[in-house]
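Notes for the one structure printed next.
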Amino acid sequence: MMMKSGIYLLLLMVVLLITGLSIEAAKRVPPSIAQDSNPDNHVNFAGTWKNQRGSLLTLQNAGSDILKGHFTTAVANTQACIGKEVPVQAVHNSNSFALSLSMKSCGSPVTIAISGLLRKPETAGEPDKIDTMALIQWHGQETWKSRVITNDTFMRVN
């Protein structure tokens, strides 16, 4: 019985340690706009955004929760797609959004789904940021290299 109590105590200590570390890590995460008392008062996706690779995302409001615009990639396997504007459609729920696009118009077999979160600047004078996760699908194939998951940070440029 003493052995079981020791194991339970050890497990409890591990859980408390992990939980404590998680709480400390959460305190260091930059605040999202949704943490304000009324996030919808502060949400503005309209404008042009640039990621660390140089790709541009331009969005405009097209309804209460609808965004439209275009994506211009700076990197692509299909060279004809670099620098070409591709239309995007998006929906947003407060400071989060989801958009989709197809690169078919420039000859690429790629479709992309992006989910993003608008964040406040951490320091005064910094631009707004959108942290994104993207699923890139090639040809609709089921091979090891047909799906790529990536993350980017877009900074507002205007």
Side-chain angles (χ1 to χ4, degrees), residues 18-19 21-158:
I18 291 171
T19 304
L21 290 175
S22 298
I23 290 169
E24 286 305 310
K27 289 178 184 175
R28 290 189 302 268
V29 173
S32 71
I33 290 172
Q35 291 173 331
D36 288 343
S37 59
N38 187 352
D40 290 329
N41 289 338
H42 307 286
V43 174
N44 182 11
F45 286 104
T48 301
W49 304 81
K50 187 175 187 176
N51 73 10
Q52 69 275 14
R53 294 178 181 86
S55 297
L56 297 173
L57 177 62
T58 301
L59 297 171
Q60 60 187 359
N61 294 314
S64 63
D65 295 334
I66 307 294
L67 301 167
K68 290 191 177 186
H70 56 268
F71 177 75
T72 308
T73 188
V75 294
N77 286 336
T78 305
Q79 295 296 305
C81 293
I82 295 174
K84 179 166 173 55
E85 290 183 358
V86 177
V88 300
Q89 296 184 42
V91 294
H92 74 89
N93 181 353
S94 186
N95 68 322
S96 61
F97 77 92
L99 67 82
S100 60
L101 61 112
S102 170
M103 301 300 283
K104 183 178 181 179
S105 64
C106 58
S108 174
V110 169
T111 57
I112 303 171
I114 300 173
S115 178
L117 180 68
L118 179 61
R119 293 195 174 271
K120 286 192 233 182
E122 294 178 40
T123 307
E126 286 185 350
D128 291 343
K129 297 178 189 177
I130 301 176
D131 292 326
T132 65
M133 295 270 319
L135 173 61
I136 303 168
Q137 176 70 56
W138 276 279
H139 293 289
Q141 296 176 349
E142 291 288 334
T143 65
W144 68 271
K145 63 179 183 175
S146 66
R147 288 188 193 126
V148 174
I149 297 173
T150 185
N151 64 311
D152 291 302
T153 298
F154 286 83
M155 306 286 260
R156 185 184 297 275
V157 293
N158 75 10

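Because the structure is a prediction, the values reported are computed rather than measured.
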Any donor and acceptor pair, going by atom type alone, linking the side chain of R119 with main-chain N or O of N95 inside 3.5 Å? no
To the nearest 0.5 Å, what is the distance between CD1 on I130 and OG1 on T153? 10.0 Å
Looking at M133 and N151, what are the two nearest heavy atoms and their distance? SD-CB, 3.9 Å
Here the gap from T132 atom OG1 to F97 atom CZ, rounded to the nearest 0.5 Å, amounts to 6.5 Å
Please check if atom CD in Q89 has more than 12 non-hydrogen atoms from other residues, nucleotides or ligands closer than 6.0 Å. no
Can S105 and K84 be said to form a side chain to side chain contact (heavy atoms under 4.5 Å, CB included), step by step? CA-CA 9 Å; S105 64; K84 179 166 173 55; 3.8 Å; yes
Look at the side chain of D65 and the backbone N and O of V91, then say whether any donor-acceptor pair between them is shorter than 3.5 Å. no
Taking side chain as C-beta onward, heavy atoms only, is P121 less than 4.5 Å from D128? yes
Work out which heavy atom in R156 is nearest to a heavy atom in P127; give both atom names and the distance. O-CB, 3.5 Å
CD of Q60 to NE2 of H70, rounded to nearest 0.5 Å, is 9.0 Å
First locate atom CG of N51, then atom CE of M155, and finally report the distance between them rounded to the nearest 0.5 Å. 11.0 Å
Check step by step if side chain to side chain contact (heavy atoms under 4.5 Å, CB included) holds for L118 and W49. CA-CA 11 Å; L118 179 61; W49 304 81; 3.5 Å; yes
Under 3.5 Å: donor-acceptor pair, side chain of D131, backbone of L117: no
Let me see the working for F71 and L99 under side chain to side chain contact (heavy atoms under 4.5 Å, CB included), right down to the final yes or no. CA-CA 10 Å; F71 177 75; L99 67 82; over 6 Å; no
Could you tell me if the side chain of W138 sits less than 4.5 Å from the side chain of N77, heavy atoms only? yes
For A74, does its backbone N or O pair with a side-chain atom of S55 as donor and acceptor, under 3.5 Å? yes
Are any side-chain N or O atoms of T78 and backbone N or O atoms of A80, one a donor and one an acceptor, separated by less than 3.5 Å? no
